[in-house]
Amino acid sequence: MKKLFLMLMLCAPLSLFAQQKFGHVDLDKVIQSLPEYTTAMQELEALGKQYEQELTASQTELQRLAEEYDKTKSTLSATQQQEKEADLQEKYQRITEQAQQNQQAFQRAQQEKMAPIQQRVMQAVEAVGKAGGYVYIMSNGSLPYINDSISKDVTSDVKAQLAKK
């Protein structure tokens, strides 16, 4: 009797587990299918090109000033040489700071543009999960293996949910 009871206790959680519904979704595929993602990526690409052009212009100007200094270096006094070198060093430092600021600004813009898209997709995943009675809906990219026989791919369901809104 004790063995039967123990066996039932061990098997009960397994049978409950087998009755649960699990899903998986390819979030990258869903996000990339959205028109607002394409728009956001185009805007980010334009912003990146703008930052790159600004940085290239600054670097070109610094290069020109350095070459000019090299040509006139022999005609300058030691004090003038030090002043020019300090000026070039300061310009180089500003360019480095500009590059860092541009990178931070680009990352902020990327987060600002992607956050509403990601939130919308997460809401769609949640709606699909609730409507389908899923215990879990996992992202394909976050797991090394997904057994398709016990987990349903709900990517198309999430896309359909997004199309409703």
Original post:
Under the side-chain hydrogen bond (donor to acceptor under 3.5 Å, both in side chains) rule, what pairs show up with a residue in residues 102-113, not counting sequence neighbours?
Top reply: Glu43-Lys113
**OP:** Kindly check if the number of other-residue, nucleotide or ligand heavy atoms within 6.0 Å of CD (Glu52) is above 12?
**Re:** no
Subject >> Nearest-0.5 Å distance, CD1 of residue Ile137 to CE of residue Met122 >> reply: 10.0 Å
**OP:** Hey, could you give me the CD1/CD distance between Ile95 and Glu90, rounded to the nearest 0.5 Å?
**Re:** 11.0 Å
Original post:
For Val25, does its backbone N or O pair with a side-chain atom of Thr155 as donor and acceptor, under 3.5 Å?
Top reply: no
**OP:** For Ile150 and Asn147, run side chain to side chain contact (heavy atoms under 4.5 Å, CB included): C-alpha distance rounded to whole Å, both residues' side-chain angles, the deciding distance at 0.1 Å, then the answer.
**Re:** CA-CA 6 Å; Ile150 60 172; Asn147 186 337; 3.9 Å; yes
**OP:** Applying side chain to side chain contact (heavy atoms under 4.5 Å, CB included), run through Val125 and Val30 and close with a yes or a no.
**Re:** CA-CA 10 Å; Val125 169; Val30 171; over 6 Å; no
Original post:
Which distance, rounded to the nearest 0.5 Å, do you find between the CD of Glu45 and the CD of Gln42?
Top reply: 7.5 Å
**OP:** Sequence neighbours left out, what passes side chain to side chain contact (heavy atoms under 4.5 Å, CB included) with Gln118? Give chain and number order.
**Re:** Ile31, Met114
Subject >> Nearest atoms (heavy-atom pairs only) where Gly133 meets Lys21 >> reply: O-CB, 3.8 Å
**OP:** Please collect all salt bridge (Lys or Arg N to Asp or Glu O under 4.0 Å) contacts where either partner lies in residues 140-161, sequence neighbours excluded, each pair once.
**Re:** Lys152-Asp157
Subject >> For Glu61, all residues meeting side chain to side chain contact (heavy atoms under 4.5 Å, CB included), sequence neighbours excluded >> reply: Arg64, Leu65
**OP:** Start with the C-alpha gap between Gln81 and Glu85, add the side-chain angles, then the distance that decides, and say whether side-chain hydrogen bond (donor to acceptor under 3.5 Å, both in side chains) holds.
**Re:** CA-CA 6 Å; Gln81 286 179 5; Glu85 288 172 4; over 6 Å; no
Subject >> Any pair counted as ring pair (Phe, Tyr, Trp, His ring centres under 6.0 Å), so long as it reaches residues 58-107, sequence neighbours left out >> reply: none
Original post:
To the nearest 0.5 Å, what is the distance between CD (Glu67) and CG (Leu62)?
Top reply: 10.0 Å
**OP:** Compare every heavy atom of Val121 with every heavy atom of Val158, then report the nearest pair and how far apart it is.
**Re:** CG1-O, 4.5 Å
Subject >> side chain to side chain contact (heavy atoms under 4.5 Å, CB included) between His24 and Ser139, intermediate numbers included >> reply: CA-CA 6 Å; His24 58 276; Ser139 173; over 6 Å; no
Subject >> Side-chain donor-acceptor pair present, Gln59, Gln63, cut-off under 3.5 Å >> reply: no
Subject >> Main-chain N/O of Thr56 paired to Thr60 side chain as donor or acceptor, under 3.5 Å >> reply: yes
**OP:** Find the distance between CG (Leu44) and CG (Leu47) and round it off to the nearest 0.5 Å.
**Re:** 6.5 Å
Original post:
Are the side chain of Ser77 and the backbone N or O of Gln80 linked by a donor-acceptor pair below 3.5 Å?
Top reply: yes
**OP:** Only counting residues at least two apart or in another chain, list the ones meeting ring pair (Phe, Tyr, Trp, His ring centres under 6.0 Å) with Tyr136.
**Re:** Phe22
Original post:
Between Ile117 and Ala40, which heavy-atom pair has the shortest distance, and what is it?
Top reply: CD1-CB, 4.1 Å
Original post:
So how far is it from Asn140 CG to Ser151 OG, rounded to the nearest 0.5 Å?
Top reply: 8.0 Å
